[in-house]
J.: 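Mind having a look at this structure? Questions to follow.
All chains are named by letter (A, B, ...) in the order of the sequence lines, taking the proteins before the strands, and each is independently numbered beginning at 1.
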Amino acid sequence: MRESFQVKRSISTLGREFFARNPRKVARDLLGRVLVREGSGVRLTARVVEVEAYLGEDDPASHAAPGLTPRNAVMFGPAGFAYVYFIYGAHYCLNVSCGRDGVAAAVLFRAVEPLEGIEEMARARAIEVHGPRDLVRLTAGPGRMAEAFGITRARDNGVDLTSRKRGLWIGDDGFRRGKVMVTPRIGINKAAEWPLRYFLAGNPFVSGRKMA
DNA sequence: ATATCGATTATCT
DNA sequence: GATAATCGATATG
């Protein structure tokens, strides 16, 4: 069977070494990878199209800026683990820890493009998907994609995203990303100019401004 | 298309 | 007691 006839490609996990690097590099290389939720019912998969790097204690915008606390502990630990926080009394957001054990760093997942399990995601979001507009609103934005994947702090904070054991992981399906755009991060007041937001140029599921 | 605003709570000062 | 890595609704051009 020729490659072009293949509909579903197998997905391989990303190893610890992938995440144990500078968060800027991890952020850029995460674009085009696949977020997977499985283990209870239908498998959910979605392509990562927008992320932001958070540099740790020296980054005023990072939750790690005040130093180690119970909330941000995962970011100070080894790379490849889920840091989930709750914000504005309403939304969960998913990050993955990066860099060296003992040094805080993370990448925030801001938007994904749904691949499998769209009906399940819509149910989790409590919205109906009819046109392309609704589809974008399903997973474009950190709070939205977290809700679509049923991510909560109680359930997912501290989960090892390099392992399939807990049913939430990051994989590679062989997709070759196109052009990457870099802009300042969204929704922050401190260090607002730092160019640490990365997204796939032209992808409709990217949230916020789509120009550099 | 851009702007402004309210909701709602875990977390830290 | 103030703040926040957001979202959805409403208002206006």
Side-chain angles (χ1 to χ4, degrees), chain A residues 19 22-24 26-28 30-31 35 46 48-77 79 81-99 103-112 114 121-158 161 170 181-199 204-212:
Chain A
F19 298 100
N22 184 299
R24 302 175 193 239
V26 176
R28 181 180 287 268
L30 232 24
L31 294 175
L35 178 63
V48 180
V49 301
E50 180 188 356
V51 296
E52 283 176 357
Y54 285 85
L55 308 185
E57 290 188 90
D58 295 327
D59 178 355
S62 171
H63 291 168
L68 177 63
T69 70
R71 173 167 84 144
N72 64 27
V74 173
M75 281 196 288
F76 285 82
F81 289 83
Y83 164 51
V84 180
Y85 66 86
F86 186 62
I87 193 69
Y88 295 114
H91 311 287
Y92 291 99
C93 296
L94 173 68
N95 300 249
V96 59
S97 60
C98 301
V103 179
V107 171
L108 167 69
F109 292 87
R110 285 200 56 90
V112 296
M121 293 182 201
R123 191 177 315 159
R125 291 266 295 120
I127 67 173
E128 293 191 354
V129 177
H130 295 127
R133 193 62 188 246
D134 295 331
L135 191 58
V136 164
R137 285 173 45 183
L138 194 56
T139 57
R144 290 168 174 166
M145 56 162 282
E147 187 172 30
F149 271 74
I151 289 168
T152 66
R153 183 168 168 89
R155 182 183 184 187
D156 301 303
N157 191 55
L161 298 177
I170 314 284
M181 306 286 278
V182 185
T183 73
R185 295 173 292 188
I186 290 180
I188 58 173
N189 299 299
K190 305 159 193 163
E193 309 300 299
W194 296 12
L196 295 173
R197 170 176 175 249
Y198 303 80
F199 62 92
F205 291 88
V206 171
S207 71
R209 295 181 229 286
K210 301 180 180 180
M211 297 292 287

J.: In whole angstrom, what separates L94(A)'s CG from dT6(C)'s P?
T.: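 Answer to the nearest Å: 14 Å.
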J.: What nucleic acid atoms does M75(A) come within less than 4.0 Å of, heavy atoms only: base, sugar-phosphate, or nothing?
T.: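 Base: the residue M75(A), judged by heavy atoms under 4.0 Å, touches a nucleobase.
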J.: At less than 4.0 Å, is any side-chain N or O atom of H91(A) found next to OP1 or OP2 of dC7(C)? Yes or no.
T.: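 Checking H91(A) against dC7(C): no side-chain N or O falls below 4.0 Å of OP1 or OP2.
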J.: In whole Å, what is the span from the CZ atom of R133(A) to the C1' atom of dA9(C)?
T.: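 Nearest whole value for this atom pair: 14 Å.
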J.: Write out a two-atom table: protein N or O, nucleotide N or O from nucleotides 10-13 of chain B, distance below 3.5 Å.
T.:
{"from": "dT11(B)", "atom 1": "OP1", "to": "R153(A)", "atom 2": "NE", "distance (Å)": "3.3"}
{"from": "dC12(B)", "atom 1": "OP1", "to": "T69(A)", "atom 2": "OG1", "distance (Å)": "2.3"}

J.: Want to settle it: does R144(A) or G187(A) sit nearer the 5' end of DNA chain C, counting the closest nucleotide to each?
T.: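 Result: G187(A).
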J.: Would you say a side-chain N or O of R197(A) is under 4.0 Å from OP1 or OP2 of dA5(C)?
T.: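 Negative; the distance criterion is not met.
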J.: For I188(A) and dT6(C), what is the distance between atoms CD1 and C1' respectively, to the nearest whole Å?
T.: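 Value for this atom pair: 14 Å.
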J.: For the side chain of R185(A) and the backbone of A53(A), is there at least one donor-acceptor N/O pair under 3.5 Å apart?
T.: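 Between the backbone of A53(A) and the side chain of R185(A) there is a qualifying donor-acceptor contact (under 3.5 Å).
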J.: Round to the nearest Å and state the distance from I87(A) atom CD1 to dT3(C) atom P.
T.: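 In whole Å, dT3(C) P lies 13 Å from I87(A) CD1.
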J.: For R153(A), does the CZ atom sit with more than 12 other heavy atoms under 6.0 Å from it, leaving out its own atoms?
T.: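 Result for CZ/R153(A): enclosed.
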J.: Counting only side-chain N and O atoms of R209(A), is one of them less than 4.0 Å from OP1 or OP2 of dT2(B)?
T.: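 Answer no for this pair, as no side-chain N or O of R209(A) is under 4.0 Å from OP1 or OP2.
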J.: Classify the nucleic acid contact of L108(A) as base, sugar-phosphate or nothing, counting any heavy atom under 4.0 Å across all strands shown.
T.: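 The residue L108(A) makes base contact.
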J.: Taking R125(A) for its side chain and M121(A) for its backbone only, find out whether a donor-acceptor pair lies under 3.5 Å.
T.: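 Between the backbone of M121(A) and the side chain of R125(A) there is no qualifying donor-acceptor contact (under 3.5 Å).
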J.: On DNA chain C, compare the nucleotides closest to E147(A) and N189(A); which residue's is nearer the 5' end?
T.: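 With E147(A) and N189(A) compared, the 5'-side residue is N189(A).
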J.: What I'd like to find out is whether the side chain of M145(A) reaches to under 4.5 Å of the side chain of S207(A), using heavy atoms alone.
T.: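 No; the side chains remain at least 4.5 Å from each other.
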J.: Output yes when a side-chain donor or acceptor of N72(A) lies under 3.5 Å from a complementary backbone atom of H63(A), and no otherwise.
T.: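 It does hold such a pair.
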J.: Pairing of DNA chain B as dot-bracket, 5' to 3': ( ) intra-strand, [ ] crossing, | other strand, . unpaired, with Watson-Crick or G-U pairs under 3.5 Å?
T.: |||||||.||||.
J.: Over how many whole Å does the gap from Y88(A) atom OH to dT3(C) atom C1' extend?
T.: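 So the OH-C1' distance, Y88(A) to dT3(C), works out to 9 Å.
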J.: Roughly how far, to the nearest 0.5 Å, is the CZ atom of R24(A) from the CG atom of L55(A)?
T.: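 Reported value, rounded in 0.5 Å steps: 5.5 Å.
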J.: Ignoring hydrogens, what is the shortest heavy-atom contact between F86(A) and R71(A)? Give both atom names and the distance.
T.: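 In this case the closest contact between F86(A) and R71(A) is O-NH1, 4.3 Å.
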J.: Expressed in angstrom and rounded to an integer, what is the separation of I186(A) atom CD1 from dA5(C) atom P?
T.: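 The answer, rounded to whole Å, is 13 Å.
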J.: dA5(C) C1' sits how many Å from Y54(A) OH, rounded?
T.: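 Result: 4 Å.
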J.: For the residue pair R144(A) and F205(A), would you count it as a cation-pi contact if the rule is NZ or CZ under 6.0 angstrom from the ring centre and within 45 degrees of the ring axis?
T.: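 No, cation not above the ring by the 6.0 Å, 45° rule.
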J.: Tell me: CG of L138(A) to P of dG8(C), nearest whole Å?
T.: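 After rounding, the gap between these two atoms is 11 Å.
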J.: Kindly state whether the ring of Y83(A) and the ring of F81(A) have centres lying under 6.0 angstrom apart.
T.: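 Here the rings of F81(A) and Y83(A) have centres that are no less than 6.0 Å from each other.
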J.: Sort out for me which residue in N95(A), T139(A), L30(A) forms a side chain to side chain contact (heavy atoms under 4.5 Å, CB included) with F109(A).
T.: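 Exactly one candidate clears the test, L30(A).
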